[in-house]
Amino acid sequence: LKIPLALLSDRYKSAYQKPQLKNPVPPPGVNGKLKGIHVILDAGHGGVDPGSGAHGVVEDEVAYDIMVRTKKIIEEQYGATVYPLVKDNNTQYTPLEKLVSGSNESVLTTPSYLTKNATVGANLRVYKTNDVYRDLIAQGVSSDAIVFMSIHTDAISAHAKGMMIYYPDASLRRSSLTKSGFPYNGFAEVRADPTIEIETDKVGSQDRSYTLAEHIMASAPAHAVAVHEQQGIRGRINRHGAYVPAVIRWNPVPAKILVEAGNCNNRDDARNLLSPKYRQHVAETLAAGIHAYYTPQSTPQSTSPNVGGQQ
C-alpha cells in the first residue's frame, strides 16, 4: 500500500491515528477530585452581541448559564480552580431557573470590556486566556494541568441535533496573534503581551483537545444530554471556507475546546436549552468529561478526529 505524501502531513495525521497524549496528564487528587487542576471557562458572545438565536433561545444567555453551572460543579464537587473569562454584572455567577435577557456580560480584562464588537470581544478573551495561562505557568503549574472550554449554542440546519465539540485542527492555525492600537491598547493584558505565541506542538495540542472532547462526549449519555449523531467532534467549521474558531485558534492552552451545547434551529434542542434541568445536565456532562480526562483508567470509545468535518 502506497500512501500519498500529502496524507503524511500534520493536516491529516490525526485523521488516520488515534490521538495520543504526548505527555501524561497529572492524575486527579485525593478521592477522585481535581485538586491542582485549573479550568479556564468561557461563555460565548454577550454584551450587545447575543450570538445565535431561534425558538426562544438567545445564545449568550444560555451559554452563560451553562458556564455558571459548570463552574459551580467543577469547584464544589471536583475541587479544581476555575477562571471564568466573563461575568454578568447583574446575575453574577448565580444559576437561573428563568433566563434574563440583557446586555450585561463583560469580558474580565483590565479594565473589563462590555462587548460592543464581537471580534474585539473574541480577541480579548484570547488575551485574557493568555494572561491567565502565562501566570499559571510562571507559578510552576504544568501546562498539562490547565484546560480551556468555551461554551456556545449553534444555529445550523434544523435537521442537526445535539451537542457538538470543536477542537483546533493543527493545519489551520498560525503561530501567533498580534493586536495593537485602539481599542486593544487600552487593556492591560494586551499591553503586557501584545503578541500571543501559541504552542509549537500544534499536533500535540490538537490531539490533547480531541481527547478532552472524546471524554465529554462519552459522559453525555449518563447525563441524558443529546449529542450530534454524525461527526460530533470536529476540527474545523466549514462555512464560507474552513476555519477554527478564534477562541481556540489563537489559544496557548494545549487542551482547548469549543462546545456547541445544542442547535437552536432544531426545536427539540431549543426546548432542551430553555430548560434549567437540561442546562444542568449539560454542565454535569462538561464537568464529568473534564474529570474523566484526568482519570488515567478512563478510555472513551470513539472514532478518530474528523479533520474536515462537514455540517
Side-chain angles (χ1 to χ4, degrees), residues 38-53 58-72 74-75 81-96 99-136 146-154 166 168 176-198 243-253 256-261 283 286:
H38 302 264
V39 181
I40 303 173
L41 276 184
D42 174 44
H45 306 278
V48 300
D49 171 27
S52 63
V58 180
E59 179 177 3
D60 66 327
E61 306 299 342
V62 170
Y64 186 80
D65 189 65
I66 294 173
M67 185 202 77
V68 168
R69 293 170 184 272
T70 306
K71 174 180 181 293
K72 182 178 177 67
I74 292 173
E75 291 175 334
T81 304
V82 178
Y83 305 84
L85 296 187
V86 293
K87 184 177 183 179
D88 187 297
N89 298 316
N90 289 337
T91 63
Q92 306 292 310
Y93 295 124
T94 303
L96 300 178
L99 298 177
V100 178
S101 296
S103 301
N104 299 296
E105 300 92 351
S106 296
V107 182
L108 295 177
T109 45
T110 307
S112 62
Y113 178 68
L114 181 62
T115 302
K116 299 178 181 178
N117 179 287
T119 300
V120 173
N123 287 333
L124 288 178
R125 283 169 164 85
V126 175
Y127 276 96
K128 181 63 180 180
T129 299
N130 183 63
D131 182 68
V132 172
Y133 178 73
R134 299 301 176 196
D135 184 59
L136 289 172
I146 308 169
V147 296
F148 173 91
M149 180 187 299
S150 184
I151 302 168
H152 296 249
T153 66
D154 213 341
Y166 290 96
S176 65
L177 171 69
T178 301
K179 292 295 179 182
S180 61
F182 181 82
Y184 297 103
N185 57 9
F187 298 92
E189 292 80 2
V190 181
R191 295 195 302 271
D193 196 1
T195 297
I196 298 175
E197 300 287 348
I198 67 173
Y243 66 94
V244 173
V247 290
I248 56 174
R249 181 169 71 245
W250 305 117
N251 196 311
V253 179
K256 48 188 168 277
I257 57 172
L258 185 149
V259 177
E260 299 282 10
L286 301 181

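Below, all heavy atoms of this structure are taken into account, side chains as well, without hydrogens, waters or symmetry copies. None of these values were measured; they are calculated from a predicted model.
One finds the OG atom of Ser180 at 13.5 Å from the CZ atom of Arg191 (value rounded to the nearest 0.5 Å). Taking CG from Leu41 and CD from Glu75, the interatomic distance works out to 8.5 Å, rounded to the nearest 0.5 Å. Note: Ser106 OG to Leu124 CG = 11.0 Å, rounded to the nearest 0.5 Å. For the atom pair CG of Leu114 and NZ of Lys87, the computed distance is 13.5 Å after rounding to the nearest 0.5 Å. The CG atom of Asp154 sits 7.5 Å away from atom CD of Glu59, with the distance rounded to the nearest 0.5 Å. Taking OG1 from Thr94 and CG from Leu96, the interatomic distance works out to 7.0 Å, rounded to the nearest 0.5 Å.
Distance alone, capped at 3.5 Å, is enough to place a donor-acceptor pair between the Asn89 side chain and the Asn104 backbone. A donor-acceptor distance shorter than 3.5 angstrom exists from the side chain of Thr109 to the backbone of Pro111, with no hydrogens or angles considered. The backbone N or O of Leu108 sits less than 3.5 Å from a side-chain atom of Lys128, completing a donor-acceptor pair. Although no hydrogens or angles enter the test, the distance criterion places a donor-acceptor pair under 3.5 Å between the side chain of Glu189 and the main chain of Thr110. With hydrogens and angles ignored, the 3.5 Å screen pairs no side-chain donor or acceptor of Asn130 with any backbone N or O of Val126. Panel note: side chain Asp60, backbone His45; no donor-acceptor pair is recorded below 3.5 Å. In this structure, Tyr127 contributes its side chain and Pro194 its backbone to a donor-acceptor pair below 3.5 Å. Remark: side-chain polar atoms of Glu105 are not paired, donor with acceptor, to backbone N or O of Asp88 under 3.5 angstrom. Not a single donor-acceptor pair under 3.5 Å links the side chain of Glu61 to the backbone N or O of Leu99. Put simply, the side chain of Ser52 gets close to the backbone of Thr153: a donor and an acceptor are under 3.5 Å apart.
Inter-residue side-chain proximity for Val132 and His38 is flagged as unmet; no heavy-atom pair is nearer than 4.5 Å. At a threshold of 4.5 Å between non-hydrogen side-chain atoms, the residues Ile66 and Leu286 count as touching. Between Leu85 and Ile40 the shortest side-chain heavy-atom distance falls below 4.5 Å. Side-chain contact between Asp42 and Phe148: present, with at least one pair of heavy atoms (C-beta onward) separated by less than 4.5 Å. Taking 4.5 Å as the limit, every side-chain heavy atom of Thr129 sits out of range of all side-chain heavy atoms of Tyr83.
Nearest heavy-atom pair across Ile248 and Val244 is CG1-CG1, 3.5 Å. What you find for Val247 and Arg125 is that their closest heavy atoms are CG1-CD, 4.1 Å. Of all heavy-atom pairs between Glu197 and Thr195, the closest is OE2-CG2, 3.5 Å. Closest non-hydrogen pair, Val68 versus Pro95, comes out as CG1-N, 3.6 Å. Pro168 and Lys256 make their closest contact through CD-O, 3.6 Å (heavy atoms, listed as atom of the first residue, atom of the second, distance). When every heavy atom of Arg134 is checked against every heavy atom of Pro252, the shortest pair comes out as NH2-CB, 3.7 Å.
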side-chain contact (heavy atoms from CB on, under 4.5 Å) assessment of Tyr64 paired with Ile151: CA-CA 8 Å; Tyr64 186 80; Ile151 302 168; over 6 Å; no
Test log, rule side-chain contact (heavy atoms from CB on, under 4.5 Å), inputs Lys72 and Tyr93: CA-CA 9 Å; Lys72 182 178 177 67; Tyr93 295 124; over 6 Å; no
Trace of the side-chain contact (heavy atoms from CB on, under 4.5 Å) decision for Val147 with Ile257: CA-CA 9 Å; Val147 296; Ile257 57 172; over 6 Å; no
Chi angles and distances behind the side-chain contact (heavy atoms from CB on, under 4.5 Å) call for Arg249, Leu177: CA-CA 10 Å; Arg249 181 169 71 245; Leu177 171 69; over 6 Å; no
